[in-house]
Protein chains: 2
Amino acid sequence: MGRAISRCGTRGAPARLASALGYAVSPGGARIRPTILLAVASACGEDRPEIGDAAATALELIHCASLVHDDLPCFDNADIRRGKPSVHRAYSQPIAVLTGDSLIILAFEELARIAEIDAARSARLVLALARRTGMPGGICAGQGWESEEEIDLEAYHNAKTAALFVAATQMGAIAAGQEPGPWAELGARIGAAFQIADDLRDTLCDADTLGKPPGQDDLNGRPNAVARYGVQGAMSKLKDSLGGAIASIPSCPGEAMLAQMVQRYAERLTPSAPMPRRTVPGE
Amino acid sequence: MGRAISRCGTRGAPARLASALGYAVSPGGARIRPTILLAVASACGEDRPEIGDAAATALELIHCASLVHDDLPCFDNADIRRGKPSVHRAYSQPIAVLTGDSLIILAFEELARIAEIDAARSARLVLALARRTGMPGGICAGQGWESEEEIDLEAYHNAKTAALFVAATQMGAIAAGQEPGPWAELGARIGAAFQIADDLRDTLCDADTLGKPPGQDDLNGRPNAVARYGVQGAMSKLKDSLGGAIASIPSCPGEAMLAQMVQRYAERLTPSAPMPRRTVPGE
């Protein structure tokens with residue numbers, strides 16, 4: 001990802017925007033989506049690792065773009081992201097809007113560059129990523145649901161969170177020259193688990209652990225699995241989703257390795273101490 | 001373009017965002033960039049018009065996205081665009097940010113779709129469009145210059161305005177299976193002429209003719225050719241740019257037709273009555 005970003009900091013580029021692009025992608029978070037993408041590509045027996053690398057970079061660029069725009073005052077108005085000031089706080093709102101835009105464009109540019117290796121896979125990756133990023137079913141659509149008076153909860157969660165996990169599994173398959181169709185379910189189930197785990201962490205963890213203020217879903221009136229099912233109900237849903245994810249892995253050379261990876265995520269995602277977060281007065 | 005947008009309004013999509021996408025692209029402006037793209041493709045003897053059509057759609061989607069984001073309160077804070085409320089005024093700021101994002105993504109999706117006709121051209125079109133849209137030299141970079149304390153005027157104008165005209169001529173050539181390199185100068189010169197004509201109109205025309213409030217460059221402290229060279233000096237620069245554009249047209253089957261097109265634009269772009277706009281008190 002550093003290479004894609006550093007190409008933007010050449011002479012003749014506006015320095016603050018170039019700097020903000022680097023700021024927005026580092027230090028990275030868990031990089032869970034590109035890790036899943038690369039695991040699926042490897043499990044499918046990829047023949048050209050450069051394609052998987054470019055696909056993983058593109059996916060993480062889109063994820064970072066979405067964080068920068070979601071943090072804007074007109075959405076979550078988040079001051080802190082990954083333990084440091086959000087892009088609009090560290091730079092400005094104009095720079096934050098342009099950073100998100102530039103990261104989106106950079107993602108597609110990254111995918112187009114691999115056409116010299118395999119033009120057909122390059123185009124399929126662009127299509128798969130666009131479908132899970134834009135309208136009508138990608139993360140833009142997910143964010144768009146928050147402007148509706150009545151939210152279609154299933155469409156909302158599918159688009160807002162699961163979409164980029166489906167992109168991860170499907171792009172991993174495409175990068176390895178395989179059909180993406182059978183890989184959608186694994187992505188959707190991991191995405192659903194991730195959403196529930198995120199809701200649990202938002203309820204159970206403090207700001208230091210989260211790297212951002214907790215309780216944001218309540219604050220922003222967003223649907224949350226813990227509010228809906230309670231802590232124990234949400235924990236049970238999380239386990240179901242992860243079990244379903246493992247069961248849905250398509251037959252492939254790396255099937256066992258992938259099952260192990262999902263199991264490891266299951267352990268990491270499940271909050272170890274399901275104690276209600278201490279509420280600080282005035283929080 | 002209508003087909004690309006209407007795919008976003010399916011069941012299961014958030015209705016307000018879907019509606020805003022249609023709102024942002026209609027009624028269209030002069031569609032000058034796609035018209036140039038199609039003229040170049042035709043002049044190059046295009047063999048698959050569907051590719052040129054998709055490229056023209058993608059380019060106009062990017063242009064519309066840039067207008068929606070540029071109008072946001074943190075940039076131009078424009079209430080009116082093309083004679084009707086801007087997207088953030090008609091809908092909301094969140095919807096306007098997401099509309100811009102979705103239009104950008106839709107543009108690349110549109111280009112990826114033509115891979116089934118010609119995957120190599122599809123990828124080259126994605127690269128050409130990304131380069132002129134993002135960082136370090138596209139319209140995002142152009143807008144980014146406005147956040148710098150010292151503006152590199154040449155880089156600013158090249159990125160802010162000329163970039164999408166260079167995209168138009170180069171994508172036209174790529175759509176027809178030709179090399180884009182020789183077509184950059186024509187785009188750059190038309191872009192420079194367009195920028196000067198825009199500056200002249202911003203100084204000389206009233207709100208009804210412009211479809212937006214005049215004098216915005218002065219108001220936003222942006223560099224303007226009229227402020228720099230005076231009205232007569234800017235008119236002379238405009239004529240030079242258009243003459244240079246015609247001279248730069250690469251040798252191709254439709255060379256004469258293209259020269260006629262640029263001549264027609266020259267007549268339309270040149271303000272007919274170079275009278276200073278009346279300044280209304282309190283404007």
Side-chain angles (χ1 to χ4, degrees), chain A residues 7-10 12-18 21 65 69 72-75 91-98 100-102 104-106 108-109 111-116 119-120 122-127 129-131 133-138 140-148 152 155-156 159, chain B residues 7-10 12-18 21 65 69 72-75 91-98 100-106 108-109 111-116 119-120 122-127 130-131 133-138 140-148 152 155-156 159:
Chain A
R7 277 197 300 267
C8 298
T10 52
R16 296 191 70 225
L17 179 54
L21 291 182
H69 279 186
L72 283 169
C74 69
F75 293 110
Y91 292 83
S92 67
Q93 276 197 63
I95 290 288
V97 172
L98 294 171
D101 291 354
S102 302
I104 293 171
I105 296 155
L106 206 56
F108 291 109
E109 191 173 346
L111 295 178
R113 283 178 188 276
I114 51 172
E116 58 188 43
S122 163
R124 295 186 83 182
L125 287 167
V126 171
L127 264 185
L129 185 59
R131 192 175 160 204
T133 306
M135 277 279 282
C140 285
Q143 193 73 16
W145 275 111
E146 295 181 14
S147 291
E148 294 293 317
D152 176 336
Y156 170 69
Chain B
R7 277 197 301 266
C8 297
T10 51
R16 295 191 70 225
L17 178 54
L21 291 182
H69 279 185
L72 283 169
C74 69
F75 293 111
Y91 291 82
S92 67
Q93 275 196 63
I95 290 287
V97 172
L98 294 171
D101 292 354
S102 301
L103 292 175
I104 293 171
I105 296 155
L106 206 56
F108 290 109
E109 190 174 348
L111 295 179
R113 282 178 189 276
I114 51 170
E116 59 188 43
S122 163
R124 295 186 82 182
L125 288 167
V126 171
L127 264 184
R131 191 173 160 205
T133 306
M135 276 281 281
C140 286
Q143 193 74 16
W145 275 111
E146 295 181 14
S147 291
E148 293 294 316
D152 176 336
Y156 170 69

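Residue numbers start from 1 in every chain, and the chains themselves are labelled A, B, ... in the order their sequence lines are given, proteins ahead of strands. Remember, predicted model here, so these are calculated numbers, not experimental data.
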If you compare all heavy atoms of [X] against all heavy atoms of [Y], which two are closest, and at what distance to 0.1 Å?
X        : Y        : answer
B:Met135 : A:Ala13  : CE-CB, 4.1 Å
A:Cys74  : B:Gln93  : CB-CB, 3.8 Å
B:Phe108 : A:Val126 : O-CG1, 3.7 Å
A:Asp101 : B:Cys140 : CB-SG, 3.7 Å
B:Leu127 : A:Ala112 : CG-CB, 3.8 Å

* State which residues pass side-chain contact (heavy atoms from CB on, under 4.5 Å) with A:Ala96; sequence neighbours excluded, sorted by chain then number. =>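 Checked A:Ala96 against side-chain contact (heavy atoms from CB on, under 4.5 Å); matches are A:Val68, A:Leu72, A:Val87, A:His88.
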Using heavy-atom distances under 4.5 Å, tell me whether [X] contacts chain A through its side chain, its backbone, both, or neither.
X        : result
B:Ile114 : neither
B:Arg7   : backbone
B:Ser122 : side chain

Please rank [options] by heavy-atom pairs under 4.5 Å with chain B and give me the top one.
options                                : result
A:Leu129, A:Ile95, A:Val97             : A:Val97
A:Ala123, A:Ala159, A:Ala115, A:Ser147 : A:Ser147
A:Gly142, A:Ala119, A:Gly100           : A:Ala119
A:Cys8, A:Ala65, A:Gly12, A:Ser92      : A:Cys8

* Asked: With sequence neighbours excluded, what pairs up with B:Arg113 under the side-chain hydrogen bond (donor to acceptor under 3.5 Å, both in side chains) test?
  -> B:Glu109
Interchain contact, [X] with chain B, by part (heavy-atom threshold 4.5 Å):
X        : value
A:Leu125 : neither
A:Ala155 : side chain
A:Ile104 : side chain

